[in-house]
Amino acid sequence: MGEKAKGFFVTGDPLIYGADVSIIITLLGILIFLTYFKKWGWLWREWLTTVDHKKIGIMYLVSSLLMLFRGGVDALLMRMQLAMPNTHFLQSQHYNEIFTTHGTIMILFMAMPFMFALFNIVIPLQIGARDVAYPFLNAMSFWLFFFGALLFNLSFVIGGSPDAGWLSYPPLSELAGSPGPGQNFYIWGIQISGIGSLATGINFLVTILKMRAPGMKLMQMPLFTWSVLSSCITIIFAFPVLTVTLALLFVDRFFGAHIFTATGGGNPMMYVNLIWMWGHPEVYIVVLPAFGIYSEIVSTFSKKKIFGYKSMVFSMMIISVLGYFTWVHHFFTMGAGADVNTFFAITTMAIGIPTGVKIFNWLFTMFRGRITMTQPMLWTLAFIPCFLVGGATGVMLAAAPADYQYHNSYFLIAHFHQTLIGGVVFGYLAGLYYWWPKMFGFKLNDRIGKWAFWTWNIGFYVCFMPQYALGFMGMTRRVYTYGWDMGWAPYNMVSTVGAFLMGIGFVFQVWQILYSIKHGERDLTGDPWNGRTLEWSILSPAPHYNFAHLPAVKSDDAWWDMKNHRYGAAVQDNIKEYTPIHMPKNSGIPFLMSACWFVAGFGLTFEWIWMGVAGLAGVGICLLARSFQRNTDYYIPVDEIKRTEASLGRVV
Amino acid sequence: MSKRFSSGRLWRVAVLAAGLLVFLSGCDRRYLIFNPSGPVAEKELHLIILSAVLCAVVVIPVLGLLIFIIYRYRDKPGNKAPYTPEWNDSKILEFVWWGVPIIIIGILGVYTAKTTYSLVRPPVEDVKPITIQVTSLDWKWLFQYPDQKIATVNYVEIPAGVPVQFHLTSDQMMNSFWVPELGGQEYTMPGMAMRLWLQADQPGTYYGSGANFTGKGFAHMKFKVVAKPQARFNHWAKQVKKTAPVLTEAKYQQLVQKGLAEKQTYSSYPEKLFLDTIDRNGGKYMKPGMKHGGHDMSMMDNDNE
Amino acid sequence: MAQSAISVDAHHEHQHDTFKLLGFWIFLVTDCIIFACLFAVYAVLRTHTDGDLTGRELFEVKGFTAETFILLASSFTSGLASLAMHKGSKKQLLGWLAVTVLLGLSFVGLEITEFANMASEGAKITTNGFLSSFFTLVGTHGLHVSFGLIWMIGVMVQIGRHDIDSLTKEKVTIVGLYWHFLDVVWIFIFTVVYLLGVM
């Protein structure tokens, strides 16, 4: 153990000392704040033990924004290193760690929780439910994600970050290629949060299937709900593959097995197949909900029904199925042979068809509508051209022989950033601006928001368009330095400028949030955008139990039709008698159990078996303790409902 | 040559667009992919341009439509454009936008398949090809010439106008062998011998690099491909055979150690080095087809003679 | 209107019970995929013995046949337990669950012995790709069984405390489902790993 402890704290780099100091100061600050204002009890009761989907959603959101910051700083560090040829800002080792953590964090610890934040905040409200199907499991998912992310980020200051790329191909990620604990941090950080993601997939699938408001048929569900449904199905089929793959990699590293090793009868190619069987569906997992968000927003701000609803549903389902049959396009260049390559080239191109159809449907939703340029709509309108070009370069990449020239070049980097930022991040940001009043009861400031929007967007094109050119010039990804001879320098410089513009855009957004907390326009109606779906039928922020009466749904765009007195339920709502509402009780077990996972993960990362076993035993005890609990729910009395509704300004 | 043009108008459009693109990029030599120096890279460039044109056929009108719609249907008082809040379905429109992409993908699919299959064959049939065995190491490239029985490190000489079949493997980290001006890349994988056809039409020096991350020294895994007329190539090979040192097993073990290396040449190498490397890294479990790249077993047999 | 709202709410609460079962079925789907991947890995690596002993030389027909019969029997007894539960007989229910647990324990015991024997012959997880994938696949199943045993004992204790009520009923149903699932997985292991291995 002494041998291992020697390298326990990462040393020798001023950046890391800086991080050490800022982490300690932040932690101390939080501790002092909580103690001084006597907030410990509040923290435990209101947040750490909550099973309320809205609060869980907010915690997901805060975590994902923090991770966006961390991943963004990683990106800026990389761009600084690459701004000029032969820069000595970062060493090779450090650069490798940073691109590995950038990719991993952005996909797994930024995009996924951001998506889950929106699932949590919106889905129950949108389908007229009071909670998700398994509120306890929902809290557990969040804490598993949280502690997984914590473990992963800890590697920055303890033990050393992983450095084998975000998908960590063996043999490089095997013990021989990456001997330190960094790779174990990667495995356990993702593994722990991955269990949570899988549980969320099951949870929301059942929620959508079983807990819709009375009367809401499947083909009357809002499109965001449909997109979450298709995303959840994809999670359920893809995430187990990730679990297995990482577990097997750990078995190799921990027990010295030969599953993915080059020697001893292992087969590294198998890892590449397995990881992409998860990895490719994963991009559809994150982009499908974004499609749902755009659908909601386009329809709301064009004041028009969504065009081609059935076609939209159908295309999402096709995407989630077809998403499983394209994984080989990530390694056309690994010699699978002409038959296999042709098959996967065509399936990959085919997935462009339903995606293209969606774009036409959004366009024709706006056609003969009345378009208002609110912030959510701005991001949606920015998404369409961005994703269109990103999708087109995707089709270009799908042509296998052309891919031989693009593979692992900056062309590819530009392509997937364009789809992931232009498609996913723009979508989630649009969703954030759209549902923000529902979460917090006020709108985000428009003026600062527009500054943020334009710096983000201009920054995006300045950053990534030159990267397409760099790809044509033969620049490969993951090089930490390059010379003057290839003529890459000017493009890299421009790209770095763009990256910093995006960084400024993010700063604007932080400022926007802080400013709006104080000065933001309050939403007293609960329906600030003249919305169409059920989440806008209740006040903002939604009360603990969401709906005092479960709404009765008879059509799609349910709230729009209620408002326009198509079937008048909205008004009658207030006349009805209240009945006690059945709700789940808070529980500390999800937090404690995930903390035990963290202990186990940390122990196994350093191969301290006693600690791993202790952590896993803790997990087991928590599971048993939960199994023995009987009174896990309670009723909110009518009085309290009346009080709450009255305090929110609704006539009782 | 005539075959390419007979395959229709599409190619003509593509070639036109290619000209335009090259013109726009200022005939810039820096755009390696737009400056193909051999038949493989040329074929790939054709496909790239065809796919770009087909995508543009959709993208540009849609962008135009987007701008038009945003402008025309903005919510301004007095906007006279029609407003139909309940209109949400049109069978004809749906038919069009499911149909058009299907047709485009269909066309692109056919050309993709054609090119994919053509690239596993030698670029020209009437010239006897040569074979070069490539091994990626941490962090250097080893080239062995089974016909000439010589070896080089970090640079490779080839005869111009002659198809070269590269046999690629790795000891052990997966890399990818890429010479953009001559053609697309192929991975070097432990336990496998992948095959990649390339050919330089003209003598010249071409940029090559590793395209798949292999750790600390990855950024330095560059090499030059020097194409020479056949006679000068033969002369070079003879020179190497006469003057260069021997690559012994011990020397190879040194090369395998992690680290960078200068250009090197060797007059001979251990007889079965390449096949042993493959077998040691799992090659013995591969089906013969996979182990030797799936095609053209006869080539491999030549090596063993 | 008010009447219908109340009945709607009540209806929703009642449904909560069936949620758990549905969720558990979906969980089993994910577990199925996990095993499918492990089987695929085994199928790729089963010939990768690196010059060492193959399955034919390592697997003992007597051992794995016994394991198979014991696990099948335990699946049967867990079925009997569920029948007893529906009859409302707490004693029989606990009895059959106890038999199931004992059978499960002996299965795990046999498996551990088998693994130990193999290891003493030099066939360890580190030996070659074939054994790595063998131990991970069969070991993952074994871990599932062990986990199921603890779970089942936990459920028995709860039945002891609270008798057969809607909550314990649900728990017995779900743990029973899990147990049958492991049995199905074992049948595949028996066929793909052991039978094909010794043939």
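These figures come from a predicted structure and were not determined experimentally. Reminder, nothing fancy here: chain letters follow the sequence lines and each chain counts from 1. Scope of the values below: all heavy atoms of this structure, side chains included, with no hydrogens, waters or symmetry mates.
For a residue to count as touching a neighbouring chain, one of its non-hydrogen atoms must lie under 4.5 Å from one of that chain's; by this rule B/Phe218 touches chain A with the side chain only. A/Ile306 touches chain B through its backbone: at least one of N, CA, C or O sits under 4.5 Å from a heavy atom, while the side chain does not. Of the atoms belonging to B/Leu93, it is side-chain heavy atoms, and not backbone ones, that fall under 4.5 Å from chain A. Looking at A/Trp488, the atoms closer than 4.5 Å to chain B (heavy atoms on both sides) all sit in the side chain, from C-beta outward. Only the side chain of B/Leu119 comes within contact range of chain A, with heavy atoms under 4.5 Å apart. The contact between B/Trp178 and chain A is made entirely by side chain atoms (from C-beta outward), counting heavy-atom distances below 4.5 Å. When heavy atoms are compared at a cutoff of 4.5 Å, B/Ser90 approaches chain A by way of both its backbone and its side chain. When heavy atoms are compared at a cutoff of 4.5 Å, A/Ala336 does not approach chain B at all. Contacts between A/Ala345 and chain B at a heavy-atom distance below 4.5 Å involve the side chain alone, from C-beta outward. For B/Ala56, no part lies near chain A; criterion is any non-hydrogen pair under 4.5 Å. Using a 4.5 Å cut-off between heavy atoms, A/Pro170 touches chain B through its backbone atoms (N, CA, C, O) alone. Within the 4.5 angstrom heavy-atom criterion, atoms from both the backbone and the side chain of B/Pro85 approach chain A. Heavy atoms closer than 4.5 Å to chain B are found in both the backbone and the side chain of A/Asp339. Contact annotation for B/Arg280: only backbone heavy atoms (N, CA, C, O) come within less than 4.5 Å of a heavy atom of chain A. Only the side chain of A/Tyr169 comes within contact range of chain B, judged by heavy atoms closer than 4.5 Å. Looking at A/Ile359, only its side chain comes within 4.5 Å of chain B, counting heavy atoms on both sides.
Contact count versus chain A (heavy atoms, under 4.5 Å) is highest, among B/Ser209, B/Gly106, B/Gly109, B/Gly282, for B/Gly109. Chosen from A/Thr263, A/Ile346, A/Thr261, A/Leu388, the residue pairing most often with chain B at heavy-atom distances under 4.5 Å is A/Leu388. If you tally non-hydrogen atom pairs under 4.5 Å between each of A/Phe331, A/Tyr482, A/Tyr309, A/Tyr406 and chain B, the highest count goes to A/Tyr406. For the options B/Gly215, B/Pro82, B/Gly217, heavy-atom pairs under 4.5 Å to chain A are most numerous at B/Pro82. Looking only at heavy-atom pairs under 4.5 Å with chain B, the residue among A/Gly265, A/Ala392, A/Ala350, A/Pro171 that has the most is A/Pro171. Heavy-atom pairs under 4.5 Å with chain A peak, among B/Gly210, B/Gly184, B/Ala113, at B/Gly184. Of the listed residues (B/Leu196, B/Thr188, B/Asn79), the greatest number of heavy-atom pairs within a distance under 4.5 Å of chain A belongs to B/Asn79. The candidate from B/Ser118, B/Ala41, B/Gly183 with the greatest count of non-hydrogen atom pairs under 4.5 Å with chain A is B/Gly183. Between chain B and the options A/Asn341, A/Asn408, A/Thr476, the largest number of non-hydrogen pairs under 4.5 Å is found for A/Asn408. For the set A/Pro385, A/Gly369, A/Gly308, A/Pro268, the entry with the most heavy-atom pairs within less than 4.5 Å of chain B is A/Gly369. By number of non-hydrogen pairs under 4.5 angstrom with chain A, the leading residue of B/Trp87, B/Phe68, B/Trp98 is B/Trp98. When each of A/Lys303, A/Glu174, A/Gln93, A/Lys310 is scored by its heavy-atom pairs under 4.5 Å with chain B, the top score falls to A/Lys303.
Counted within 6.0 Å of OH on B/Tyr83, heavy atoms from surrounding residues, nucleotides or ligands total more than 12; the atom is thus considered enclosed.
Using the six-membered ring where Trp is involved, B/Tyr187 and A/His407 have ring planes that are perpendicular, over 60° apart on the 30 and 60° scheme. Note: A/Tyr491 and B/Tyr31 have perpendicular aromatic rings, judged against thresholds of 30 and 60 degrees for the angle between ring planes. The aromatic rings of A/Phe99 and A/Tyr95 sit perpendicular to each other, their planes meeting at more than 60°, with 30° as the lower class boundary.
Looking only at side-chain heavy atoms (C-beta outward), A/Phe307 and A/Met312 stay at 4.5 Å or farther from each other. At a threshold of 4.5 Å between non-hydrogen side-chain atoms, the residues B/Leu66 and A/Met366 count as touching. Side chains of A/Met396 and B/Cys55 form a contact here, defined as non-hydrogen atoms less than 4.5 Å apart. B/Phe213 has its side chain out of reach of A/Arg477: every pair of non-hydrogen atoms, C-beta onward, lies at least 4.5 Å apart.
Residue B/Leu32 comes nearest to A/Gly474 through the heavy atom pair CD1-CA, 4.2 Å, listed as atom of the first residue, atom of the second, then distance. When all heavy atoms are compared, the tightest approach of A/Gln91 to A/Tyr480 is C-CD1, 4.4 Å. Nearest heavy-atom pair, B/Thr112 versus A/Ala399, reported as atom, atom and distance to 0.1 Å: OG1-CB, 3.6 Å.
Side-chain contact check for A/Thr393 and A/Tyr468: at least one donor-acceptor pair (N or O, by modelled atom type) lies under 3.5 Å. In the model, A/Gln81 has no side-chain atom that pairs as donor or acceptor with a side-chain atom of A/Thr87 under 3.5 Å. In this model, no donor atom of one side chain and acceptor atom of the other lie less than 3.5 Å apart for B/Thr115 and B/Glu44. With 3.5 Å as the limit, one finds no donor-acceptor pair spanning the side chains of B/Trp141 and B/Thr135.
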Give the C-alpha distance, both sets of side-chain angles, the deciding distance and a yes or no for side-chain hydrogen bond (donor to acceptor under 3.5 Å, both in side chains) between A/Trp529 and A/Thr374. CA-CA 9 Å; A/Trp529 309 116; A/Thr374 55; over 6 Å; no
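By a heavy-atom distance cut of under 4.5 Å, B/Gln172, B/Met173, B/Met174 are the residues of residues 169-177 of chain B near chain A, going up by number.
In this structure, A/Phe367 has its ring center closer than 6.0 angstrom to the ring center of A/Phe364.
In this structure, B/His167 contributes its side chain and B/Arg195 its backbone to no donor-acceptor pair below 3.5 Å.
Classification of A/Lys305 and B/Asp89 as a salt-bridged pair fails, no side-chain N sitting under 4.0 Å from a carboxylate O. In this structure, B/Glu86 does not pair ionically with A/Arg368, as no charged nitrogen and carboxylate oxygen lie closer than 4.0 Å.
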